[in-house]
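The figures here come from the full heavy-atom set of this structure, side chains too, leaving out hydrogens, waters and symmetry mates. Indexing begins at 1, ligand by ligand and atom by atom, following the structure's order.
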Amino acid sequence: MMDTSFDLAVIGAGIVGASTAWYAQKQHPNWKIALFDRSLAGSGATLYSASLDIPFGGTAFKREIACNSRRLYAQMREEVPSLPVADHPFYGFIQKASGDLLLQQCADNDAKMIPGLPCSVAGKYPWLKMPADSAVLSGVTVSRAIRNEMAGLLSGLFASEGLSHLLEGTEIQAVRCTGGLFALETSHGVIYSAERVVQATGPWTRTEGTDNLLMHYHVRVKKIVALHIYHPPAKEDPVFYFFDDEAFLMPRPELGYWLFSFRSDEWDVHPCPSALTIGEGDMAKAIGILEKYSPDLAPCLRGGRVFCDAYTANGDPLIMQAPGYPNYVICGAGSGSGYRLAPGMAAQALSIFR
Ligand SMILES: Cc1cc2nc3c(=O)[nH]c(=O)nc-3n(C[C@H](O)[C@H](O)[C@H](O)COP(=O)(O)OP(=O)(O)OC[C@H]3O[C@@H](n4cnc5c(N)ncnc54)[C@H](O)[C@@H]3O)c2cc1C
């Protein structure tokens, strides 16, 4: 019989929860840890992610988490060589006037501003247009997940250890605290107990009940869209980032398209896949940005992916103790960067328990 009491319960097996469970197991091999997901591990925002890992942060906190995450992802890749991750060169376009600020926000010491794309690069991508008065950030290597299964993989590796359990299809409906112990009530009527809890429920932020710790924290949920451009990329192609428009082109050679991510401003949506679609407004916005940087690619736009993420006001991830409950930590609101920040967020959340 599986035990129902744990040293740590992690609610949500997206990339943030899966990373948290993974690191907790490494740091505390004697802890009994449960990782719960209302659906399958990795089937939330993480499933839709472009999974691009770039070394930037607009605030000192985000830069610190980004830096730490890169280090931790590198370690993870050494430990699990089969992780489906690919590296790419990177070129970021930005207005010259903002170049210095961008360099300050970059967490990679090799980053440098250059006046334009190197000739060898410009010649290879004749469909790329550099806007007037722009400069290029280069010298940075970025990475991406090749398949959208990182959270599922990490959860599986975590669950293969003796004291750890992955409980999929198990929604936690309420968490209450009595005598310092948390009771996690599931949709099936089973109640689990845990000494510590990390809530990593991504964009699922709303629950009812005043004594329910699984709480409605102060974030907003925004739609995220990325479209697919069927213009075949090569394995070694770079990621092109358009900082002034918060957009990027990322090669996915294994699937035969470039992924084109851009900013959506549709707020307060619900994390329900069937309710979130790519509309005419999204296509029009994408084409408008492509007109600026690569108009020849616009006719190759075909479908894409859409979901949502939780955002804080300043874009920093949210890693905090629930007021009055030091052993209940909320870790989420990736603010559109939760894939790249996940290991750093997990490490920071776990450090609260020490
Ligand atoms: C189209 C798109 C492109 C993106 N591109 C990038 C990118 O290039 N780089 C980047 O860094 N980020 C990107 N993001 C953002 C990134 O994907 C998210 O920030 C990240 O996946 C959030 O991970 P998470 O673990 O917090 O949430 P999720 O992956 O949503 O995981 C939360 C999990 O909690 C579970 N859950 C919720 N409530 C409960 C409950 N009560 N009980 C049990 N389980 C529960 C859900 O089923 C879900 O599996 C993108 C997002 C989208 C949608």
I need the contact type for Trp204 against ligand 1. Using non-hydrogen atoms and a strict under-4.0 Å cut-off, is it side chain, backbone, both or neither? side chain

One finds that the ligand 1 atoms under 4.0 Å from a non-hydrogen atom of Ile11 are 40 (C), 42 (N), 43 (C)

Here's one to test your reading of the geometry: is the NZ or CZ of Lys222 within 45 degrees of the ring axis of Tyr311 and under 6.0 Å from its centre? yes

Sub-4.0 Å atoms of ligand 1 with respect to non-hydrogen atoms of Ile15: 21 (O), 23 (O), 25 (O)

Ala45, Ala200, Cys331: member with heavy atom nearest to atom 28 (P) of ligand 1: Ala45

I'd like to know if Asp87 pairs up with Arg77 as an ion pair, taking the criterion as any Lys NZ or Arg NE/NH1/NH2 lying under 4.0 Å from an Asp or Glu carboxylate oxygen. yes

Looking at non-hydrogen atoms alone, which of Ser49, Ala174, Pro203 comes nearest to atom 6 (C) of ligand 1? Ser49

Trp127 ring center near Tyr125 ring center (under 6.0 Å): yes

Mind running ring-ring contact (aromatic ring centres under 6.0 Å, His included) on Phe243 and Tyr241 for me, showing each step along the way? CA-CA 6 Å; Phe243 285 97; Tyr241 208 99; 4.6 Å; yes

Could you tell me whether ligand 1 has any atom less than 4.0 Å away from a heavy atom of Ser261? no

Determine whether the side chain, the backbone, both or neither of Thr170 has a heavy atom under 4.0 Å from any heavy atom of ligand 1. backbone

Taking distance alone, with no angle check, do Gly338 and ligand 1 share an N/O pair under 3.5 Å? yes

Would Ser43 count as a polar contact of ligand 1, with the cut-off being nitrogen or oxygen pairs under 3.5 Å? no

Counting heavy atoms only, which of Leu52, Leu40, Thr20, Asp53 comes nearest to atom 9 (N) of ligand 1? Leu52

Checking Thr59 against Asp316: is there a side-chain donor and acceptor pair closer than 3.5 Å? yes

Would you say ligand 1 has an N or O under 3.5 Å from any N or O of Cys308? no

Assign the ring pair Phe36 / Phe6 to parallel, tilted or perpendicular, where the plane angle (0 to 90°) is split at 30° and 60°. perpendicular

Heavy-atom pairs closer than 4.0 Å: do any link ligand 1 to the side chain of Thr46, the backbone, both, or neither? both

Under 3.5 Å, N or O to N or O, is Val16 touching ligand 1 that way? yes

Note: Ser51, heavy atoms under 4.0 Å from ligand 1, region reported as backbone

Ligand 1 atoms nearer than 4.0 angstrom to some heavy atom of Ser337 are 10 (C), 11 (O), 12 (N)

Please state which option from Phe36, Tyr48, Tyr311 has its nearest heavy atom closest to atom 1 (C) of ligand 1. Tyr48

